[in-house]
Amino acid sequence: MTQSVAAVTWTIEDGIADIVIDNPPVNALGQAVRRGLCDAIDAAEAAQARGAVIHAAGRTFPAGADIREFGKPPLEPLLPDVCTRIERSDLLVVAALHGTALGGGLEVALGADYRIAVPTAKVGLPEVLIGVMPGAGGTQRLPRLIGVPPAIDVITTGRKLGADEALALGILDRVEEGAPRDIGMAYLRDLLAAGAPRRPVGAMPAPEPVDFDAAYDAALKKARGQLSPAQAVRGIQAACELPFDAGMARERALFRELMETDQREALIHAFFGERAVSNLPELRDVTARPVAQIGVIGGGTMGAGIATAALLAGLTVTVIERDDAAIQAAKERIARNLSGALKRGKIDQAQFDHLTGPALALDTGYAALAEADLVIEAVFEDMAVKTDVFQTLDAVCKPGAVLATNTSYLDINEIARATRRPEDVIGLHFFSPAHVMRLLEVVVADKTAPDVIATGFALGKRLGKVSVRAGVCDGFIGNRILMAYRTATDHMVLDGASPFEIDRVLRGFGFAMGPFQVSDLAGLDIGWATRKRLAPTRDPRERVPAYADKLCEAGHFGQKTGRGYYVYGDGGPVPNPDVERLITEERAVLGITPKTFSDVEILRRVLCAMVNEASRVVEEGIARCPRDVDMVFLTGYGFPRHRGGPMKWADLDGLPGVLADIERFAQDDAYFWQPAPMLAALVAEGRSFDDLNRAAAP
Ligand code: NAI
């Protein structure tokens with residue numbers, strides 16, 4: 001007997017039901033799948049089958065709920081009821097997993113009596129990563145099956161587990177090579193032959209509790225204020241304290257609360273934004289140039305990081321440095337980066353030997369780049385040095401080679417003009433450390449050819465980066481906006497706030513580090529050089545702090561010299577007492593009477609400065625849409641993901657309030673706080689940044 005209801009097919013033979021989920025591409029658990037699973041179980045029971053195997057066609061066991069149903073009225077049957085229906089049937093049910101059995105997929109499998117998987121399968125409950133929590137029994141069944149501490153780890157981190165680890169934890173009962181259907185059937189027959197009992201997880205005894213208040217606090221702290229992992233802890237707590245059905249109801253209530261939060265909306269925005277950002281309509285019919293061999297000019301901090309990222313992605317790399325000593329230093333930097341990857345188990349010793357050996361060449365002569373498909377320049381941030389490098393590249397590189405610069409601020413059009421092939425020149429702006437940070441700004445200059453842009457995005461994808469299209473201006477998307485909000489923090493310091501309280505407030509918002517800690521990490525000399533570079537063209541109305549220059553003049557550049565805004569000793573960083581003194585002296589010279597800034601005021605000034613400058617960046621076409629700005633800040637600047645990025649924050653907070661604050665701040669400093677015309681226009685029209693995102697959608 002074979003039947004099918006849309007996305008689920010079943011065959012009942014010999015008293016065994018073979019139930020196949022078939023809902024491409026990822027077998028998401030939409031309504032048709034849920035209904036089909038219930039119908040299949042009904043049919044198997046009606047046929048008095050003894051057992052059933054649930055498995056999936058295509059590339060994976062269900063990889064989760066159907067996110068498209070989020071925010072819409074729930075459609076019956078609901079997933080928790082489907083899982084319980086499976087669990088309470090008369091059948092002995094085996095789930096046979098392959099691909100990524102995540103979220104609702106794993107919850108369906110937990111409704112089965114036994115679980116088997118292929119060795120490449122991955123399982124997990126990643127719901128907290130999009131701001132919700134398991135809502136179909138995951139928090140009730142997993143702790144019953146494997147105990148509370150490992151369940152807290154799996155659920156609050158949302159991480160994917162390999163089949164071996166899942167087997168060791170007891171999430172899986174068996175791991176075997178083979179087609180999911182075959183291994184599932186064989187396992188079920190073994191179980192039936194051995195007279196194995198049914199084993200409904202929901203009927204297992206309540207697990208041993210832990211100190212749930214401590215676990216809640218730890219989860220909240222670790223996620224820097226993101227609620228979903230902590231809320232999931234309360235779900236697990238219910239598994240210990242309530243009968244199963246009441247625990248399920250409690251889980252549902254906690255899940256529903258999270259569905260209503262701004263954090264959930266922000267995290268979904270981040271999830272889809274990361275995927276949408278590299279989907280450029282202009283590149284739809286454009287083919288990227290093939291890239292196998294990469295050249296990197298300069299093996300300093302960035303060049304070594306870029307070389308590492310390229311090597312890890314399987315590319316052959318040639319690094320050019322100035323002399324033998326610099327070559328040796330570059331080689332050591334790359335080896336250090338790769339040994340980090342070796343230690344974390346990302347590569348094995350043989351790969352390490354290959355990547356530091358045959359895959360990597362270092363040279364002082366540019367002739368070694370004759371065959372390179374793409375070259376990334378990462379020499380000193382100095383226009384004369386860079387144009388010199390590009391003239392040489394123009395002379396030695398083969399026709400069609402992509403010539404990229406990693407400059408942070410310099411004019412890429414000017415760099416392109418140093419060559420006779422400006423159409424091949426592009427900015428590929430990596431973030432430090434380049435083999436770790438996920439952001440890549442693909443900076444498109446006036447003459448950059450479309451297939452060169454496509455090559456930049458293809459490289460970004462190969463390196464596992466989130467690639468964002470940017471236009472040419474001082475600082476592109478990220479650094480330009482960073483300069484604006486750093487200026488807002490500098491102004492607050494002159495007017496009475498301390499760098500340390502500003503750092504504390506921004507950490508409280510969810511940043512890993514405050515802006516002054518970041519400056520110490522990046523090196524205070526960078527900001528100093530920028531201030532000097534911009535001084536000749538600076539508007540006289542602009543307020544620039546001098547105390548930071550005084551730190552630099554005294555040789556204090558932050559972490560690398562052991563002293564900056566903070567002093568870096570053995571006991572960890574502490575505020576540098578000189579900083580308060582220098583600030584007080586400067587206020588006296590400027591005749592400023594310091595005022596007090598509340599935490600809320602500090603936060604709003606920083607965020608409003610970001611949003612205002614970001615509006616200009618979008619209006620000028622430097623970023624394609626507000627969402628692209630958000631992805632830059634989430635993946636390159638440590639903006640808390642559960643806030644969705646500065647533009648999403650502004651949308652959720654309300655653009656009229658943001659504009660009103662900017663106008664209020666302008667009463668003291670009308671030059672810095674000029675409202676961006678686009679922001680004002682959106683408020684006047686009652687529109688949001690998200691409306692612009694929708695308009696820009698491909
Ligand atoms: P760095 O000073 O660590 O490295 C520069 C390297 O280039 C040195 O090893 C130097 O020997 C080499 N070099 C200089 N001139 C050369 C030439 N003509 N030929 C071959 N090698 C040459 O500097 P860093 O921090 O790596 O910065 C490099 C570039 O990356 C700059 O344009 C910078 O603005 C940009 N950048 C820096 C970031 C950072 O966080 N440090 C982030 C993103 C971009």
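Whatever order the structure lists ligands and atoms in, that order sets their numbers, starting from 1. In what follows, residues are counted from 1 in the order of the sequence shown.
- Within a 6.0 Å sphere centred on NZ of Lys560, other residues, nucleotides and ligands contribute more than 12 heavy atoms.
- With hydrogens and angles left out, the side-chain atoms of Asp394 and Thr419 include no donor and acceptor closer than 3.5 Å.
- Residues that satisfy the side chain to side chain contact (heavy atoms under 4.5 Å, CB included) test with Gln226, not counting sequence neighbours, are Ala223, Ser228, Pro229, Gln263, Leu267, His642.
- Take Lys221 and apply the salt bridge (charged side-chain N to carboxylate O under 4.0 Å, His left out) test, not counting sequence neighbours, and it matches no residue.
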Would you mind listing each N/O atom of ligand 1 next to any protein N/O under 3.5 Å, plus the distance?
residue, atom, partner, partner atom, Å
ligand 1, 3 (O), Thr301, N, 3.0
ligand 1, 3 (O), Thr301, OG1, 3.2
ligand 1, 9 (O), Glu321, OE2, 2.5
ligand 1, 11 (O), Glu321, OE1, 2.8
ligand 1, 11 (O), Glu321, OE2, 3.3
ligand 1, 11 (O), Arg322, NE, 3.1
ligand 1, 11 (O), Arg322, NH2, 3.2
ligand 1, 19 (N), Tyr366, OH, 3.4
ligand 1, 26 (O), Thr301, N, 3.4
ligand 1, 26 (O), Met302, N, 2.8
ligand 1, 30 (O), Asn406, ND2, 3.0
ligand 1, 32 (O), Val379, O, 3.3
ligand 1, 32 (O), Glu381, OE1, 2.5
ligand 1, 32 (O), Lys386, NZ, 2.6
ligand 1, 34 (O), Glu381, OE1, 2.8
ligand 1, 34 (O), Ser408, OG, 2.8
ligand 1, 36 (N), Ser408, OG, 3.2

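- Every residue meeting the ring-ring contact (aromatic ring centres under 6.0 Å, His included) condition with Phe516, not counting sequence neighbours, appears here in chain and number order: Tyr565.
- His429 and Asn406 share no side-chain donor-acceptor pair at under 3.5 Å.
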